[in-house]
Amino acid sequence: MTNILKVVMATSCLAVLTSFLIEKPKKLFLLGDSISLQYGRDLQAFLKDRYVIERKTGDSIAFTNLDIPVGSNGGDSRMVLKYLRMQVDDPAFKPDLFMLNCGLHDVKRDPKTSKIAVEETDYRKNLEQIYTLVSQKKIPMIWIRTTGIIDSIHRKNKGFGRFIKDINRYNEIADEVFSAHHIPEIDLYSFTEMQGINRFVDHAHYTPEVRKLQAAYIAGFLNLWSQNKLQTNKK
């Protein structure tokens with residue numbers, strides 16, 4: 001056997017072995033409001049081959065009006081719970097990781113009556129039930145804290161009310177629920193608050209630059225989380 005043939009055979013064997021060693025991208029199911037729709041595309045680019053993002057279908061209708069939770073927009077906690085109740089019965093629903101946010105639609109207030117869309121007690125119950133459904137499927141879960149607003153800016157939106165005090169309270173509720181169950185949290189709220197007053201393009205949504213920063217922040221968290229999980233499994 002010539003040296004050239006030996007090299008070719010060795011290279012071929014190495015290629016075959018490498019193909020077995022390279023892991024397939026993991027499935028990340030991302031369920032969230034319009035904020036997640038907007039940073040989702042950048043997040044997939046940052047995650048590259050490590051995760052493939054899956055989500056509800058219907059991007060075209062969801063992007064028509066980001067304030068209306070339809071299509072791929074997860075909506076409030078009631079909508080998330082209803083959707084998950086259908087999904088958990090589907091054998092095909094088995095992502096490697098489930099990442100969730102809901103809150104902005106829960107704190108909407110009627111402009112005439114000031115009635116909130118989802119009361120605090122119901123929000124807490126919904127999150128508890130969401131956790132139960134996901135944990136029963138033995139799917140690892142990460143919670144993303146709801147992003148904030150600036151009241152004076154959001155007030156320009158006449159369709160519905162929304163206040164930072166409600167967002168802060170509902171984030172507190174989510175913190176209590178998920179910390180009690182030892183669910184990791186991505187503090188997208190605090191990170192986004194640091195991006196300055198010019199971070200908004202309207203009453204609640206962000207500039208392309210901020211969306212990219214949000215995606216990079218989440219990708220960095222996932223990278224550290226994956227490494228820690230791998231080290232824990234080796235122990």
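Below, all heavy atoms of this structure are taken into account, side chains as well, without hydrogens, waters or symmetry copies.
Hydrophobic clustering (ILVMFWY, side-chain heavy atoms < 4.5 Å, transitive): L66 and L31 are in distinct clusters. No single ILVMFWY cluster, assembled from side-chain heavy atoms under 4.5 Å apart, contains both M141 and L224. Under the 4.5 Å side-chain contact rule for hydrophobic residues, I153 and I35 share a cluster.
Remark: K137 fails to qualify as a cation-pi partner of F93 under the 6.0 Å distance and 45° angle criteria applied to the six-membered ring. Figure legend: cation-pi geometry between R41 and F63, with NZ or CZ positioned under 6.0 Å from the six-membered ring centre and within 45° of its axis.
A distance of 9.0 Å separates OG of S226 from CG of L47, quoted to the nearest 0.5 Å. Annotation: the span from I167 atom CD1 to F163 atom CZ amounts to 10.5 Å, rounded to 0.5 Å. Here CG of N65 is found 10.5 Å from CD1 of I61. Values are rounded to the nearest 0.5 Å. Taking CG of D33 as the start and OG of S72 as the end, the distance is 11.0 Å to the nearest 0.5 Å. Going from atom CE of M194 over to atom OH of Y189 covers 12.0 Å, rounded to the nearest 0.5 Å.
For K108 and D76, the salt-bridge test fails: no basic side-chain N is under 4.0 Å from an acidic carboxylate O. Look at R145 and D175 and you find a salt bridge, because one of the NZ, NE, NH1 or NH2 atoms lies within 4.0 Å of a carboxylate O, short of that distance. The pair E128-K125 does not meet the salt-bridge criterion, since no charged nitrogen lies less than 4.0 angstrom from a carboxylate oxygen. Checked for salt-bridge contact, R199 and E209 miss the test: no charged N lies under 4.0 Å from a carboxylate O.
In the model, H203 has a side-chain atom that pairs as donor or acceptor with a side-chain atom of D67 under 3.5 Å. For the 3.5 Å distance criterion, the side chains of S34 and H205 qualify, holding a donor opposite an acceptor. A donor atom on one side chain and an acceptor atom on the other are not found under 3.5 Å apart for D96 and Y51. No hydrogens or angles considered: a donor-acceptor pair under 3.5 Å links the side chains of T146 and N101.
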For F178 and Y131, run ring-ring contact (aromatic ring centres under 6.0 Å, His included): C-alpha distance rounded to whole Å, both residues' side-chain angles, the deciding distance at 0.1 Å, then the answer. CA-CA 8 Å; F178 292 115; Y131 165 77; 7.2 Å; no

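Proximity of a side-chain donor or acceptor of N168 to a complementary backbone N or O of N171 within less than 3.5 Å is not detected. R162 places a side-chain N or O within 3.5 Å of a backbone atom of L104 that can act as its donor or acceptor partner. A donor-acceptor contact shorter than 3.5 Å links the side chain of D106 to the backbone of S77. Panel note: side chain Q44, backbone G40; no donor-acceptor pair is recorded below 3.5 Å. Put simply, the side chain of D122 never gets that close to the backbone of V118: no donor and acceptor are under 3.5 Å apart. In this structure a side-chain-to-backbone donor-acceptor pair under 3.5 Å is missing from S190 to D187.
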Name each donor-acceptor pair under 3.5 Å that joins a side chain in residues 212-223 to protein atoms two or more places apart or in another chain, with its distance.
from: Q214; atom 1: NE2; to: T192; atom 2: OG1; distance (Å): 3.1
from: N223; atom 1: OD1; to: R50; atom 2: NH1; distance (Å): 3.3

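When all heavy atoms of P184 and W225 are compared, the closest pair comes out as CG-NE1, 3.7 Å.
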